[in-house]
Amino acid sequence: MTVSAPTFDLVVAANRLPVDRVVDDEGTSTWRRSPGGLVTAMEPVMQGREAAWVGWAGETSENGQDLEPFTVDGIFLRPVGLSPKELEEYYEGFSNDTLWPIYHDVIVQATFHRDWWNTYRMVNQRFAEAIAEVAAPGGTVWIHDYQLQLCPAMLRAIRPDVRIGWFNHIPFPPVELFAQLPWRRALVEGLLGADFLGFQRTADAGNFLRVCRRLLGMATKADTVTFTPPGDDTTARRTVRASAIPISVDFRGIDALSRTPEVLARAAEIRASLGDPKVLMLGVDRLDYTKGIRHRLKAYEELLQDKMIAPPEVTLMQVATPSRERVDAYRQLREEIEGTVGRINGEYSAIGSPAVYYLYHSYPRNEMAAMFLAADVMLVTPLRDGMNLVAKEYVTCRHDLGGALVLSEFAGAWHELHQAFICNPHDIEGVKQTILRAINTPVDERQRRMKALRKRVATHDVQRWASRYLEALASAPFRPHRPTRASDMERRGAERANRANQRRSDNASEEVGD
Ligand code: ADP
Ligand code: F6P
């Protein structure tokens, strides 16, 4: 007898579960918080909700069989198993060696393999089936990120009754780059199975709508696309909304954490253990070529060379989170970064005062907060980044109005954090000047900037992001609460088409039912 799984009105699906399974040499397994911005953002949003989370548990199983569901902090976790081959082809291959470079301006060359695509399709299908199993009738399903772009249409085919949203945590590429993908049509049709597609920036939503219009000849109007789903008759039309809702951080939670006596004391301890530098600069990134760590180190090295700065007065702490270590581009990046750090330290450090403190580790949240509080200048210099939550976390921790944020104009965060010290990471001379400006700007001006930055993050926190997203999903393809006469007419037309479509799919499921 099969026991059916419990079902939930809200189901979140992402490549990773919020926790990773780690098995030590003795075979004892423990759970560790998963890396990356997606989990950081979704954790506070899920607190107190009765919901399920479908995702991979961070470890392979021989035949890709699923682990048993379990509950963490009240959230029902439904693992999707991956075999070693699926990990290699769906996650490391298609997600992170094909899509990731294309979606990040081809900073490194993308690799195309038909086998990877087939595995990506299969794994997306398994995610869709797992979601279908735990979603309550008429429930809401929120799918995340580029690893699951086929899932919306696959899920709709199994469960036409649920409302489906998708949010992209990374940029969406311009038509010219997206066009390189041999599977471009299937990817767009996969996404269009959703009711609402959320993006970090208006430019990302615009890129997606342009892909629909220019590449696939679909009709777009304002922030919606109307199309005939493949396989349906030509009168079956659906309208999907694609719009920007920028993600954020848990301002209240992080702010409170950074005010605790333990974190304050730890921040002072960090500074003391570094010899109380006049200026402590900090970089915190997953070790990813999109983060601009190479460019940052080059600028720093040149400042040392030019004798504009010198340890022990000025020093840099670079925290790098291990990431995607089996993908070639990441392996090469690690070698290069560690070689550069070694060279800079060999040249510019003195005994007891290194020029760069390099830490290749993951840390608990209170330690991260202490580092942010300890740093005088935070360097966030990605070449391309969907948002960059580190920038917002730094600002959130600076309740003392201390510190200065150097921010790349290629991070999604730039669109909101205009009072940061803005730089173009490709312009090494510009980065050097911006760092010097961040160091030398008078304290009252730095405080004024930090106050404005904090106000922005405080009023646009992750809880607001989630509620706006869920509202947009509930009312898609229409905008929530802002009716105009034109959108009213559009709404009525699209409502008619969607109702007709729903009737058709209800009839179809009755025909195949028992
Ligand atoms: P991405 O999603 O590309 O990794 P983000 O900056 O948006 O980039 O999010 C990264 C998240 O991971 C942030 O919440 C940050 O605090 C966290 N993080 C980064 N480095 C570390 C680390 N070494 N240890 C623990 N958490 C980290
Ligand atoms: O935001 C992009 C993303 O791939 C997320 O899905 C994830 O949170 C983060 O980067 C870390 O990546 P990975 O899950 O590949 O370690």
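We count ligands from 1, going down the list as the structure has it; atoms in each ligand are counted the same way. Positions are given from 1 along the sequence.
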S.K.: What residue and heavy atom of the protein are closest to atom 13 (P) of ligand 2, and at what distance?
M.R.: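 Answer, as residue, atom name and distance: Tyr91 OH, 3.4 Å.
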S.K.: Looking only at non-hydrogen atoms, which of Leu359, Leu389, Thr321 approaches atom 21 (C) of ligand 1 most closely?
M.R.: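 Residue with the shortest heavy-atom distance to the ligand atom: Thr321.
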S.K.: As an exercise, identify every atom of ligand 1 less than 4.0 angstrom from a heavy atom of Val319.
M.R.: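 Taking each heavy atom of Val319 in turn, ligand 1 has 23 (N) under 4.0 Å.
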S.K.: Can you list the atoms of ligand 2 that are under 4.0 Å from a heavy atom of Gly36?
M.R.: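 Checking each atom against Gly36, I get 8 (O), 9 (C), 11 (C).
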S.K.: At less than 4.0 angstrom from any non-hydrogen atom of Trp100, what atoms of ligand 2 do you find?
M.R.: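 Near Trp100, the atoms of ligand 2 are 2 (C), 4 (O).
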S.K.: Can you label the angle between the Trp116 ring and the His113 ring as parallel, tilted or perpendicular, going by 30° and 60°?
M.R.: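 Aromatic pair Trp116/His113 classed perpendicular.
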S.K.: Under 30°, 30 to 60°, or over 60°: which ring-plane class applies to Tyr103 and Tyr146, parallel, tilted or perpendicular?
M.R.: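 Ring orientation, 0 to 90° scale: tilted.
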S.K.: Between Tyr330 and ligand 2, which residue portion shows a heavy-atom distance shorter than 4.0 Å: side chain, backbone, both, or neither?
M.R.: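 Within the 4.0 Å criterion, Tyr330 makes no contact with ligand 2.
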S.K.: Hey, which atoms in ligand 2 end up nearer than 4.0 Å to a heavy atom of Gly37?
M.R.: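 Checking each atom against Gly37, I get 8 (O).
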S.K.: How far is atom 6 (O) of ligand 2 from its nearest protein heavy atom, and which residue and atom is that?
M.R.: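 I find the closest protein heavy atom is Asp145 OD2, 2.6 Å.
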S.K.: In ligand 2, which numbered atoms sit nearer than 4.0 Å to a non-hydrogen atom of His169?
M.R.: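 Here the atoms of ligand 2 in question are 1 (O).
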S.K.: What do you think, any protein heavy atom under 4.0 angstrom from atom 19 (C) of ligand 1?
M.R.: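 Neighbour list for atom 19 (C) of ligand 1 includes protein heavy atoms (cut-off 4.0 Å).
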S.K.: Heavy atoms only, cut-off 4.0 Å: how does Leu38 contact ligand 2, side chain, backbone, both, or neither?
M.R.: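 Answer for Leu38: both.
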S.K.: So, Glu133 and Arg78, do they make that salt bridge, N to O below 4.0 Å?
M.R.: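 Salt bridge flag = yes for Arg78 with Glu133.
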S.K.: Within the side chain of Ser273, is there an N or O that forms a donor-acceptor pair under 3.5 Å with the backbone of Ile270?
M.R.: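 Answer holds: yes.
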S.K.: Between Asp376 and Arg271, is the closest basic N to carboxylate O distance under 4.0 Å?
M.R.: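 A salt bridge links Arg271 with Asp376.
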S.K.: Can you tell me which residue and heavy atom of the protein come closest to atom 4 (O) of ligand 1, and the distance to 0.1 Å?
M.R.: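 In this structure, atom 4 (O) of ligand 1 has Arg286 NE, 2.7 Å as its nearest protein heavy atom.
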S.K.: Report, in ascending order of atom number, the atoms of ligand 1 lying under 4.0 Å from any heavy atom of Val284.
M.R.: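 So the answer, numbered in order with elements, is 19 (C), 20 (N).
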S.K.: Quick check: Ala320 and ligand 1, any N/O pair under 3.5 Å apart?
M.R.: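 No, since none of the N or O atoms of Ala320 sits under 3.5 Å from an N or O of ligand 1.
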S.K.: Between Glu325, Arg324, Met387, flag the one that comes closest to atom 10 (O) of ligand 2 by a heavy atom.
M.R.: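 Looking at heavy atoms only, Arg324 sits closest to atom 10 (O) of ligand 2.
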S.K.: Which residue and non-hydrogen atom of the protein lie closest to atom 10 (C) of ligand 1, and at what distance in Å?
M.R.: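 Checking every protein heavy atom, the shortest distance to atom 10 (C) of ligand 1 gives Gly37 N, 3.7 Å.
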S.K.: Side chain, backbone, both or neither: which applies to Met387 and ligand 1 if a contact is any heavy-atom pair less than 4.0 Å apart?
M.R.: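 Met387 to ligand 1: no contact under 4.0 Å from either part.
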S.K.: Taking only heavy atoms of His361 into account, list the atoms of ligand 1 that are under 4.0 Å away from them.
M.R.: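 By the 4.0 Å cutoff, the relevant atoms are 22 (C), 23 (N).
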S.K.: Which residue from Glu367, Met371, Lys291, Met368 reaches closest to atom 26 (N) of ligand 1 through any of its heavy atoms?
M.R.: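 Nearest option to atom 26 (N) of ligand 1, by heavy atoms: Met368.
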S.K.: Are Arg449 and Phe421 in a cation-pi setup, meaning NZ or CZ lies under 6.0 angstrom from the ring centre and within 45 degrees of the ring axis?
M.R.: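 Yes, a cation-pi geometry holds between Arg449 and Phe421.
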S.K.: If you measure from NZ on Lys291 to OG1 on Thr321, what distance do you get to the nearest 0.5 Å?
M.R.: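 OG1 of Thr321 is found 8.5 Å from NZ of Lys291.
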S.K.: Below 4.0 angstrom from a heavy atom of Ser362, which ligand 1 atoms are there? Numbered from 1 as shown, please.
M.R.: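 Here the atoms of ligand 1 in question are 22 (C), 23 (N), 24 (N).
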S.K.: Cation-pi check, Arg324 to Trp100: give yes when NZ or CZ is under 6.0 Å from the six-membered ring centre and within 45° of the ring axis, no otherwise.
M.R.: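 Here Arg324 passes the 6.0 Å and 45° test against Trp100.
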S.K.: Please determine whether a side-chain nitrogen of the Lys or Arg among Arg252 and Asp250 lies less than 4.0 Å from a carboxylate oxygen of the Asp or Glu.
M.R.: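 No salt bridge links Arg252 with Asp250.
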S.K.: Check for a donor-acceptor pair, side chain of Thr260 on one end and backbone N or O of Ala256 on the other, with a separation under 3.5 Å.
M.R.: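 Such a contact is absent between Thr260 side chain and Ala256 backbone.
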S.K.: Is there a ring pair (Phe, Tyr, Trp, His ring centres under 6.0 Å) between Phe112 and Trp117? Walk through the geometry before answering.
M.R.: CA-CA 8 Å; Phe112 301 133; Trp117 163 248; over 10 Å; no
S.K.: Could you tell me the residue and atom name of the protein heavy atom closest to atom 24 (N) of ligand 1, and the distance to it rounded to 0.1 Å?
M.R.: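 Going by distance alone, atom 24 (N) of ligand 1 is nearest to Tyr363 N, 2.8 Å.
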S.K.: Show me which atoms of ligand 2 lie under 4.0 Å from any heavy atom of Gln147.
M.R.: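 Heavy-atom distances to Gln147 below 4.0 Å select 4 (O), 6 (O).
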S.K.: Should the proximity of Arg365 to ligand 1, defined as any heavy atom under 4.0 Å, be assigned to the side chain, the backbone, both, or neither?
M.R.: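 Neither part.
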S.K.: For the residue pair Ser34 and Asp20, confirm or rule out a side-chain donor-acceptor distance under 3.5 Å.
M.R.: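 Yes, a side-chain donor-acceptor pair sits under 3.5 Å.
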S.K.: Going by the atom numbers of ligand 2, which of them fall below 4.0 Å from some non-hydrogen atom of Tyr146?
M.R.: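 So the atoms of ligand 2 that pass are 4 (O).
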S.K.: Any side-chain to backbone donor/acceptor pair from Thr396 onto Ile254? Under 3.5 Å, distance only.
M.R.: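 Checking the backbone N and O of Ile254 against the side chain of Thr396, no donor-acceptor pair under 3.5 Å is found.
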S.K.: Taking heavy atoms and a distance under 4.0 Å, where does Asn388 meet ligand 1: side chain, backbone, both or neither?
M.R.: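 Looking at Asn388 and ligand 1, atoms from backbone and side chain both fall under 4.0 Å.
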S.K.: Could you tell me if the ring centre of Tyr469 sits under 6.0 Å from that of Phe196?
M.R.: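 For Tyr469 and Phe196, the ring centres are under 6.0 Å apart.
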S.K.: With heavy atoms under 4.0 Å as the rule, classify the contact between Glu393 and ligand 1 as side chain, backbone, both or neither.
M.R.: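 Contact part for Glu393 vs ligand 1: side chain (C-beta onward).
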S.K.: Heavy-atom contacts under 4.0 Å between Arg16 and ligand 2: side chain, backbone, both, or neither?
M.R.: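 The part of Arg16 near ligand 2 is the side chain, not the backbone.
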S.K.: Specify whether Phe167 and Trp465 have parallel, tilted or perpendicular ring planes, treating 30° as the upper limit for parallel and 60° as the lower limit for perpendicular.
M.R.: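 Perpendicular, since the angle between the ring planes exceeds 60°.
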S.K.: Hey, can you tell me if Phe172 and Phe199 have their rings parallel, tilted or perpendicular (30° and 60° cut-offs)?
M.R.: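 Phe172 and Phe199: perpendicular rings.
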S.K.: Please report which non-hydrogen protein atom sits nearest to atom 11 (C) of ligand 2, along with the residue it belongs to and the distance in Å to one decimal place.
M.R.: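 Going atom by atom, the protein heavy atom closest to atom 11 (C) of ligand 2 ends up being Arg286 NE, 3.6 Å.
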S.K.: Are Arg334 and Tyr360 in a cation-pi setup, meaning NZ or CZ lies under 6.0 angstrom from the ring centre and within 45 degrees of the ring axis?
M.R.: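 Flagged: Arg334 positioned over aromatic ring of Tyr360.
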S.K.: Examine Thr40 against ligand 1 and note whether any of their N/O atoms are separated by less than 3.5 Å.
M.R.: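 By distance alone, the answer is yes.
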